[in-house]
A.B. asks: 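For reference, the structure I am asking about is given below.
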Amino acid sequence: MRRLLFFCCLIFPAALFASDLTIRVVDPDQRPVGNAKVALYSEKTSAVLSTSAEGSVKFANLADGSYRVQVLAPGFSEATQSLQLPVSDVTTVALSVQQPSEKVVVSATSTPVSEAESGASVSVITQRTLEITNPTDLADALRFAPGMMLRTNGQRGGLTVLSVHGGNSNYNRVMVDGVYVNEPGGLFDFGVVPVDQVERVEVVRGSESAVYGSDAMSSVVQMWTANGTTPKPEFRFGADGGNFNAAHGYGSIAGAWRLFDYNLFGDQFNTNGQGANNRYSNTLEGANIGAQISPRVQLRLRLRHTNSFAGVSGEWWFNGAGELPPNTAEFARQNNLIADLSLTIAGPGAWQHSISGYEYRHVRYNADYSPNPVRYNDSAYDEYAQYNRVGINWQSDYAPRTWTRTTFGYNYVDEHGADNSDYFATAFFPATLILTPGLRRNHGVFGQEMLLWKRLSLLAGVRYEHNESFGGKTVPRATLTYLAWRGNDWFSGTRLRAAYSAGIVEPSFAESYGSGGSFPVLPNPNLRPEQARTLEAGFVQGFDHDRYSLFAGYFNSIFRDQIEFESFQDASGNFVSQYFNLNKSLAHGAEVVLQGRVAKNVSLTAGYTYTATQILEVGSCDAQNCGSTTFGAGMPLLRVPKQLGNFTATYSGRRWGGSLAGVAVGRRPDSDFLFGEVPPVNYAAGYARFDASGYYTIDRHVTAYVNLENLLNHYYNEVVGYPALGFNFRAGLRFRFGGE
């Protein structure tokens, strides 16, 4: 009994002086910021929680005393605040977007960290920017960001791929709501991804395979669906239309009720396009539903489904000359489903864990049943591909102090699918297709450590990837930044940075497992992953209290074991085809990026990239069959311009606003691949494109807006032979009811 009384005497004073602390995180417009990481530190304790949909966290049973709060929310600058417990009210932390180089990003490290300390080149496109520019797809959202080289085969709905720092189009890891959405082997079509209800898009330029594994060899592109935040349901809907019979409609309902938040949305876009067979349509349905199971546990379900159709006019207009008639019967379809269920657990202490299970289903079908005899080698065909990816991601972060953070995780991916190419087809019967199935079960484990010491920041990570096609591979990454000069009011500091990284890309299913059809491709199970070694160095200079940020850097990448296609005679004298590791190439150059907030509501981003490329080694296909003038050693890589410039200027006022954006692309090597049927074309001419957008708030419920694309009506090719869309406009109204 005396022991019990003694124990109570010890506990009671501690309980008497224990306090609860509620922190509310808001943006500059006082709107709640959900899913922000809030870390609380004192001499004896540390704890990390994530804000709810209403932007708040609660730390319970804290001893009275001095504490330091750190808030990391993607898209905003890092915020810190000191406080003394007990406090009598909710503590509010208002985030800032005034310092472009200090904004918090996730994609560079897979955990929130400021861009300056990550040592990576990152671009962020916010939800507000997307509302102003109103792009129809992810390609147009990225087109004006620094270093982004988008190439579309024609107009809306045409295959659109991305090249960054001279990397191939399959060297980009693309993620939607945490789900890997590349086809196996890295191919991804950016032109059929609607961006309705997207909270933000992040792009990391450089190799990130140490965190993300295969495909992240030149860049990582991530986009996230917005959460509901308002206690009262918010209804948004609208429509716009324009020339070429463009019609666009969308709607959503979002909010947060007690422990739940939700966002349900849909989007439909249609256009006939310019010229023959350029009709395009895309349908989107999606949902984002979250549940705050406890102050430390959050559950979230995200779903996105798209279904698209596009006419394919093919190659016909070559840098100003219409050498062939357009194809009037070819078309392309896609059907994509993304599903992700994630669980986030905070604690104990400074730990935070997340685990998610996801599925991605991708179906692609291209066909032409009415070939045009006037067009070169135009024959009937159908191509069908179906891929399914199921995976589990687990990640743990440990941040006991503001100057250190440890991250490690595990990924399991089950990829299976098949493809078929059937030429001379007259009708499509899926049951009769000869599909060549493939199956990969891949494992990846990674770890990274971030250390901040005085003016230095060090980030080191390594990943071991085991792929059923090529076996095991270890890929490292290390970055170092140093604040060489703290600066003054005008020159706000100079930070030096350097990075070394490795990257890998797994073979595609067609490359590893072959493909069936009229002209089958033999499987090659011995293919190695395409690999890269990348070096980067540069500096970041701040100006005017860090309102402006100037980055200048150099990059150097060696790509090896690149996979190419070969045709040859087998032992029986038959011509067969197969993929082999053949090529090695170099891409290096310089990049300059200027970011700034000219005024409270005016922001500017501009970039210039110079890229020089060269094929260092070639295989027999390049030398014998493909033509050394295009693919020979010493030649530059196809479709990579030496000169690339982008800019975006945005004004966002309470009543009205707008944006002006431009991209300039220099002349670049290309090929028509028609082998003399028309006068040979081995380059694509340079071009410039300018877009503008604006909005006017009629009242608190109604906003009018307009989009003007290709303002100069420039007739150009992004890919030689495929004319881009001329001047086009859309105008409409959007409505908002409810919310706050």
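For the single chain, residues carry numbers from 1 onward in sequence order.
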A.B. asks: Quick one: pull up CG in Asn278 and CD in Gln155 and give me the separation to the nearest 0.5 Å.
C.D. replies: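 The CD atom of Gln155 is 4.0 Å from CG of Asn278, to the nearest 0.5 Å.
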A.B. asks: With heavy-atom distances below 4.5 Å as the criterion, would you say the side chains of Met175 and Met223 are in contact?
C.D. replies: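 SC-SC contact between Met175 and Met223 ruled out.
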A.B. asks: On a heavy-atom basis, which atom in Asn263 and which in Ala254 lie closest, and how many Å separate them?
C.D. replies: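 In terms of heavy atoms, the two residues are closest at OD1-CB, 3.8 Å.
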A.B. asks: Are the side chain of Gln595 and the backbone of Thr605 linked by a donor-acceptor contact shorter than 3.5 Å?
C.D. replies: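 No, because the side chain of Gln595 does not come within donor-acceptor range (under 3.5 Å) of the backbone of Thr605.
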A.B. asks: Does NZ or CZ of Arg375 fall inside the cone over Trp316's six-membered ring, less than 6.0 Å from its centre and within 45° of the axis?
C.D. replies: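 Because its charged atom misses either the 6.0 Å distance or the 45° angle limit, Arg375 does not stack over Trp316.
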A.B. asks: Quick check on the 6.0 Å ring-centre criterion: do Tyr716 and Tyr687 meet it?
C.D. replies: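 Yes.
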A.B. asks: In Å and rounded to the nearest 0.5 Å, what is the OG to CZ distance from Ser577 to Phe565?
C.D. replies: 3.5 Å
A.B. asks: Write down the atom of Ala276, the atom of Pro326, and the distance for their closest heavy-atom approach.
C.D. replies: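 Minimum heavy-atom separation between Ala276 and Pro326: CB-CG, 4.1 Å.
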A.B. asks: Do you see a donor-acceptor pair shorter than 3.5 Å between the side chains of Asn728 and Arg156?
C.D. replies: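 Their side chains do contain a donor-acceptor pair, which is all the 3.5 Å distance test asks for.
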A.B. asks: Between Thr225 and Asp177, is any side-chain donor less than 3.5 angstrom from a side-chain acceptor?
C.D. replies: yes
A.B. asks: Quick one: do the Asn388 and His362 side chains pair a donor with an acceptor below 3.5 Å?
C.D. replies: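 On atom types as modelled, these side chains do not qualify, holding no pair under 3.5 Å.
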A.B. asks: Counting distance only, does the side-chain N/O of Asp137 pair as donor-acceptor with the main-chain N or O of Pro135 below 3.5 Å?
C.D. replies: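 Checked: no pair found.
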A.B. asks: Keeping the roles fixed (side chain from Arg389, backbone from Asn182), state whether a donor-acceptor pair exists under 3.5 Å.
C.D. replies: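 Present.
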A.B. asks: Below 6.0 angstrom between ring centroids: does that apply to Phe190 and Phe188?
C.D. replies: yes
A.B. asks: Go through the side-chain N and O atoms of Tyr384 and Gln386 and say whether any donor and acceptor fall under 3.5 Å apart.
C.D. replies: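 Yes, because at least one side-chain N or O of Tyr384 sits under 3.5 Å from a partner of the opposite role on Gln386.
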A.B. asks: Among Arg200, Arg736, Arg236, Arg734, whose salt bridge (Lys or Arg N to Asp or Glu O under 4.0 Å) with Glu131 holds?
C.D. replies: Arg236
A.B. asks: Check the pair Glu718, Arg639 against salt bridge (Lys or Arg N to Asp or Glu O under 4.0 Å), reporting the backbone distance first and the verdict last.
C.D. replies: CA-CA 9 Å; Glu718 293 183 4; Arg639 299 175 177 169; over 6 Å; no
A.B. asks: In Å, rounded to the nearest 0.5 Å, how long is the span from CZ of Phe265 to CZ of Arg304?
C.D. replies: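 Spacing of CZ (Phe265) from CZ (Arg304) equals 4.5 Å.
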A.B. asks: Please determine, by modelled atom types, if Arg151 and Thr160 share a side-chain donor-acceptor pair under 3.5 angstrom.
C.D. replies: no
A.B. asks: Scan side-chain atoms only and decide if Asp267 and His248 contain a donor-acceptor pair under the 3.5 Å cut-off.
C.D. replies: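 A pair is found: one side chain offers a donor N or O, the other an acceptor, under 3.5 Å apart.
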A.B. asks: Would you say the side-chain atoms of Gln222 and Ser107 include a donor-acceptor pair closer than 3.5 Å?
C.D. replies: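 There is such a pair (donor and acceptor under 3.5 Å, judged by atom type) between the side chains of Gln222 and Ser107.
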A.B. asks: Is it true that the side chains of Asn134 and Asn707 contain a donor and an acceptor less than 3.5 Å apart?
C.D. replies: yes
A.B. asks: Tell me yes or no: between the side chains of Gln334 and Asn336, is some donor less than 3.5 Å from an acceptor?
C.D. replies: yes
A.B. asks: Do the ring centers of Phe331 and Phe309 come within less than 6.0 Å of each other?
C.D. replies: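 Ring centres of Phe309 and Phe331 closer than 6.0 Å.
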A.B. asks: Is a side-chain donor-acceptor pair under 3.5 Å present for Ser219 with Asn172?
C.D. replies: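 Checked: Asn172/Ser219 side chains pair up, N/O donor to acceptor below 3.5 Å.
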A.B. asks: Side chains of Asn270 and Tyr280: donor-acceptor distance under 3.5 Å anywhere?
C.D. replies: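 There is no such pair between these side chains.
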A.B. asks: For His416, what residues pass the ring pair (Phe, Tyr, Trp, His ring centres under 6.0 Å) criterion, not counting sequence neighbours?
C.D. replies: none
A.B. asks: Mind checking ring pair (Phe, Tyr, Trp, His ring centres under 6.0 Å) for Tyr683 and listing every partner two or more places apart, or none if nothing turns up?
C.D. replies: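 For Tyr683, no residue satisfies ring pair (Phe, Tyr, Trp, His ring centres under 6.0 Å) once neighbours in sequence are set aside.
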A.B. asks: Any carboxylate oxygen within less than 4.0 angstrom of a Lys/Arg side-chain nitrogen, looking at Arg689 and Glu709?
C.D. replies: yes
A.B. asks: For Phe727, does its backbone N or O pair with a side-chain atom of Asn713 as donor and acceptor, under 3.5 Å?
C.D. replies: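 Indeed, once roles are kept as given, a pair shorter than 3.5 Å links the two residues.
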